[in-house]
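Accompanying notes for the structure given below.
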Amino acid sequence: MTQNFVHELTWRGMIHDLMPGTEAQLQRERTAGYIGFDPTADSLHIGNLVQIMTLVHFQRCGHKPIALVGGATGMVGDPSGKSAERNLLSEEVLRHNQGCVKVQLERFLDFSPGPGQAEMVNNYDWFKEIRFLDFIRDVGKHLTVNYMMAKDSVQNRLESGLSFTEFSYQLVQGYDFYWLYKNKGCRIQMGGSDQWGNIVTGTELIRRKDGGEAFALTTPLIKKADGSKFGKTEQGNVWLDAARTSPYQFYQYWMNTSDEDAASFIRIFTDLPKEQIDNLIMEHQKAPHLRSLQQELSKQIMIRVHSRQDLEAARQASQILFGNSVTEDLSRLDENTLLAVMEGVPVVHVSHDSIVAAATVTDLLSETTKGSIFPSKGEARRMIQAGGVSINKIKVSDPQQKPGFALLHDRYLLVQKGKKNYHLIVADKG
RNA sequence: GGGGGGAUACUCAAGCGGCCAACGAGGACAGACUGUAAAUCUGUUGACUUAUGUCUUCACAGGUUCGAAUCCUGUUCCCCCCA
C-alpha cells in the first residue's frame, strides 16, 4: 500500500480505538471500508467533517472508501448518545437529504473510475426488500439479546427506556456491514468513538454468519480546549451548505480557532503532510500573531468545502472588518464589492428618512433599526459608553451624538458592535 | 391517601414585611492587554430615562397591610418521607 493508513491517522491524532489485526489487513491489500452518515438534514455540518476526512485519508492511502447514507438506519434512529428517542423522518425527506449529502461528499472524495474509486451507497436499497420475518430469522438469530443488551448505548438508556425500534438499531447497522462485506468486499467500518458498539455488532455478525473477519476503527470525539462543543456557535451548527452557513461565517469559524485547538485541528481537517504541518506549527510558535495555523486551516477547508473565490471573498471581508482598515478603505470599495464583502453580515433595512429623523445614535441603533442591532436603548447606550460601538469604522463615544454619518454609497452604514459583530444598515429611499 | 419541603432574573442560588430591580457564583456581552488565541484585570447584564426619577418583574390568582419576593387563602407543578 502506498501509505500506512493507521500510521497516518495516528500522527494526526485521529485514532480512538481499533480492532486487532486492522493495520495488518490494511497493509496487506487494498481494502474497502465504510462510514455511515445520518441523513437527518439536507446538509452535513462540520461535526461530520472528522468522518469525511477519515474517508479522505483512507482513499489517499490507497483504499476504497464507501460512504453509506443511512436511508434505512435514518428511519430507525441510533440510540447512541441520545437521551430520548428522536423523531423519525419520512422516506421522502430522507431521500431529499441523501441527495444533498451526496453532492457535498463528492467535493471530498474521488468518485472517478479506478481501483480505489469512492462509492456511495444507501442502505435503504437493500433494506427495502427485506421482510421482517427474514430479518429476524437470518440476522437476529445470530446474536443474543444478552449480547445486544451489554452495549453502552443500550445500557445508558435502560433507566429512561428505549423502544424496540432503537434497540434493534445495532442489528440494522450490523447488517449493513454484513451486506457490504458480502456484496462489496468491505472489510472495515470506521466511525466516531460512540459507534464502537454498533460496529462491533457488525464484525460479530460477519464472523458468526459467515465465519469472515472484519475490522473496526474509531476516531475520538473532537472537543475544544475550553471544553465547549466543537462545531457549534450561538446560531447553532456550522453547516457545509452555503445557504445555511455563509462562506464568510464558515471562514470565521475556523479563523477563530484557538491556538491550542488549531494545532490539532489542522492535522485532522486537512490532508497536508506531516512535515508541512510541523513547519506551520513551528512557524506559528515563533510568530503567533501571524496566526499562520488558523490561516492555513481555514484556507484548506474553505477551498474544499466552498471554493477559492469564496475563500478570497471571505479573506477580503475579514481584512476589512478585522484589519486596520479605516473609513477611507471602506468608502473606496465600489458598491458591489462592498455588498460581496458584507455577504453573511446581518442586514437591516430602514428608510432613508428614518435615519435622518433619528435624534441620536442610540435611537438609530435601537428604535430605528427595530431592535435588530440593540434590543433596547439602554443596552445601546451602555455599549456606546463602554466604547464598544463603531460606525463605518469610527468609534462612537457619545450616546447623544446626532447620527450625521456619511452613508457609504449614499445607502449603507456599517455598524460594529464589539470586535466581531457587524451589522449593515441599508437606507432604502422613497 | 397522610406528613414535610420547594417554585426567585439566561442558569445555579441568597433574600423571609420597608434600606429589593433583588447578595453571590457561573454564563453572556463589552473594555484594557494582545494576535479576530488563551489567561488576566475592569465594567455591564428587566424596560424607559440626563437622573438620586418612573414603570414591569420573584410559579399563577386573589387577600391582609400605609407598604409584600417576603404574611394569609386558593390553584398548578416539582421533590422527599410514611402508607
Side-chain angles (χ1 to χ4, degrees), chain A residues 159-160 222-230 232-236 238 245-267 269 280-299 301-302 311 313-326 329-330 341-346 358-391 393-402 414-423:
Chain A
E159 284 280 310
S160 57
I222 305 296
K223 279 219 288 265
K224 293 204 288 184
D226 64 6
S228 60
K229 214 168 172 190
F230 170 76
K232 292 265 187 197
T233 66
E234 282 285 285
Q235 290 82 37
V238 178
T245 300
S246 77
Y248 168 76
Q249 288 165 328
F250 188 84
Y251 177 78
Q252 279 297 319
Y253 183 84
W254 295 104
M255 276 306 278
N256 274 300
T257 306
S258 70
D259 289 4
E260 214 170 328
D261 290 330
S264 74
F265 285 2
I266 199 162
R267 283 192 278 251
F269 298 113
L280 278 166
I281 292 175
M282 258 167 50
E283 213 176 286
H284 184 254
Q285 275 164 353
K286 261 186 267 168
H289 58 281
L290 296 178
R291 308 167 59 76
S292 43
L293 271 181
Q294 285 91 339
Q295 295 275 3
E296 191 63 24
L297 176 65
S298 17
K299 173 184 161 191
I301 303 179
M302 275 298 277
L311 169 68
R315 272 187 172 165
Q316 199 182 353
S318 304
Q319 188 56 40
I320 286 168
L321 298 181
F322 295 102
N324 294 321
S325 62
V326 284
D329 297 319
L330 266 182
V341 161
M342 294 306 151
E343 170 80 46
V345 169
T360 61
V361 212
T362 309
D363 290 344
L364 175 68
L365 299 182
S366 52
E367 267 175 14
T368 308
T369 45
K370 302 170 204 80
S372 64
I373 300 178
F374 289 105
S376 74
K377 285 192 193 181
E379 196 167 320
R381 187 176 317 108
R382 274 196 296 274
M383 192 67 89
I384 291 171
Q385 277 163 349
V389 176
S390 297
I391 291 182
K393 283 279 169 191
I394 299 167
K395 191 153 272 189
V396 179
S397 48
D398 178 10
Q400 293 309 309
Q401 186 180 334
K402 297 246 185 253
L414 177 66
V415 181
Q416 181 175 5
K417 184 172 140 189
K419 208 175 279 183
K420 298 180 187 174
N421 301 301
Y422 289 87
H423 292 266

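The shown structure was predicted, so the numbers you read here are calculated from the model rather than taken from an experiment. All heavy atoms count here, side chains included; hydrogens, waters and symmetry mates do not. Convention: sequence-line order gives letters A, B, ...; per-chain numbering from 1.
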Would you tabulate the nitrogen or oxygen pairs shorter than 3.5 Å linking the protein to nucleotides 38-45 of chain B?
residue : atom : partner : partner atom : Å
B:U44   : O2'  : A:R382  : NE           : 2.9

For [X], what residues pass the side chain to side chain contact (heavy atoms under 4.5 Å, CB included) criterion, not counting sequence neighbours?
| X | value |
| --- | --- |
| A:D398 | A:Q400, A:Q401 |
| A:S372 | A:V348, A:T369 |
| A:S258 | A:E260, A:D261 |
| A:A263 | A:I281, A:L293 |

[atom1] atoms of [N] and [M], separation to the nearest Å:
| N | M | atom1 | result |
| --- | --- | --- | --- |
| B:C58 | B:C23 | C1' | 14 Å |
| B:C10 | B:U57 | C1' | 15 Å |
| B:C12 | B:A28 | C1' | 15 Å |
| B:A25 | B:G31 | P | 22 Å |
| B:A21 | B:C82 | P | 44 Å |
| B:U64 | B:C72 | P | 15 Å |
| B:C71 | B:G6 | P | 10 Å |
| B:G53 | B:C20 | P | 13 Å |

Euclidean distance, atom [atom1] of residue [X] to atom [atom2] of [N] [Å, nearest integer]:
| X | N | atom1 | atom2 | result |
| --- | --- | --- | --- | --- |
| A:F250 | B:U36 | CZ | P | 22 Å |
| A:K393 | B:U36 | NZ | P | 10 Å |
| A:L293 | B:A37 | CG | C1' | 11 Å |
| A:H423 | B:A30 | NE2 | C1' | 14 Å |
| A:Q416 | B:U36 | CD | C1' | 11 Å |
| A:H284 | B:G35 | NE2 | P | 12 Å |
| A:K377 | B:A47 | NZ | C1' | 11 Å |
| A:I384 | B:G31 | CD1 | P | 13 Å |

Q: For A:G388 and for A:A314, find the nucleotide of RNA chain B with the closest heavy atom, then tell me which residue's nucleotide is more 5'.
A: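 Here A:G388 is the residue nearer the 5' end.
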
Q: Between A:K417 and A:Q252, just flag the one whose closest nucleotide in RNA chain B comes earlier from the 5' side.
A: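 Per heavy-atom nearest nucleotide, the more 5' residue is A:K417.
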
How close do [X] and [Y] get, counting heavy atoms only, and between which atoms?
| X | Y | result |
| --- | --- | --- |
| A:K419 | A:F322 | O-CE2, 3.3 Å |
| A:I320 | A:K393 | O-CE, 3.1 Å |
| A:M342 | A:L321 | CE-CD2, 4.0 Å |

Identify every side-chain donor-acceptor pair in residues 377-390 of chain A under 3.5 Å, counting partners at least two apart or on other chains, and give the distances.
residue : atom : partner : partner atom : Å
A:K377  : NZ   : A:D363  : OD1          : 3.2
A:K377  : NZ   : A:E367  : OE2          : 3.2

Can you name the atoms? Protein N/O to nucleotides 32-34 of chain B N/O, anything below 3.5 Å, with the distance.
residue : atom : partner : partner atom : Å
B:U34   : O4   : A:K419  : NZ           : 2.4

Q: For the side chain of A:Q400, starting at C-beta, report the closest nucleotide among B:U36, B:C29, B:U50.
A: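 Of the options given, the side chain of A:Q400 lies nearest B:U50.
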
Interface polar pairs with nucleotides 54-57 of chain B, N/O, under 3.5 angstrom:
none

Q: Rounded to the nearest 0.5 Å, what's the gap from CZ on A:F250 to CE on A:M255? Could you check?
A: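 It is 13.5 Å, given to the nearest 0.5 Å.
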
Q: Quick one: pull up CD in A:Q285 and OG in A:S292 and give me the separation to the nearest 0.5 Å.
A: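 These two atoms lie 10.0 Å from each other.
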
Watson-Crick or G-U wobble mate for [N], both contacts under 3.5 Å:
| N | result |
| --- | --- |
| B:G24 | B:C12 |
| B:G1 | B:C82 |
| B:C71 | B:G63 |

Q: Please collect all salt bridge (Lys or Arg N to Asp or Glu O under 4.0 Å) contacts where either partner lies in residues 284-296 of chain A, sequence neighbours excluded, each pair once.
A: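 Checked against salt bridge (Lys or Arg N to Asp or Glu O under 4.0 Å) - neighbours excluded - no pair reaches residues 284-296 of chain A.
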
Q. Do any pairs count as a salt bridge (Lys or Arg N to Asp or Glu O under 4.0 Å) and have a residue in residues 314-323 of chain A, sequence neighbours left out, and if so which ones?
A.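 Non-adjacent pairs meeting salt bridge (Lys or Arg N to Asp or Glu O under 4.0 Å): A:E312-A:R315.
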
Q. Between A:N256 and A:Q294, do the side chains contain an N or O donor and an N or O acceptor separated by less than 3.5 Å?
A.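 Side chains of A:N256 and A:Q294: no pair found under 3.5 Å.
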
Q: Say whether, by atom type as modelled, one donor and one acceptor occur between the side chain of A:Y253 and the main chain of A:V238 under 3.5 angstrom.
A: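 Looks like no, no N/O pair under 3.5 Å.
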
Q. Is atom NZ of A:K402 surrounded by more than 12 heavy atoms (other residues, nucleotides or ligands) closer than 6.0 Å?
A.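 No, the 6.0 Å shell around NZ holds no more than 12 heavy atoms from other groups.
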
(Q) Any side-chain N or O of A:R291 below 4.0 angstrom from OP1/OP2 of B:U36? (A)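 Looking at the OP1 and OP2 atoms of B:U36, neither is under 4.0 Å from any side-chain N or O of A:R291.
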
Q: Answer yes or no: does a side-chain N or O of A:S376 lie under 4.0 Å from OP1 or OP2 of B:C48?
A: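 Affirmative; the distance criterion is met.
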
(Q) Among residues 358-375 of chain A, which ones have heavy-atom contacts with RNA chain B below 4.0 Å? (A)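 Nucleic-acid contacts, sorted: none.
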
Q.
Suppose we screen for ring-ring contact (aromatic ring centres under 6.0 Å, His included). Which residues come up paired with A:F265, at least two apart in sequence or across chains?
A.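 Only A:F230, A:F269 meet the ring-ring contact (aromatic ring centres under 6.0 Å, His included) criterion with A:F265.
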
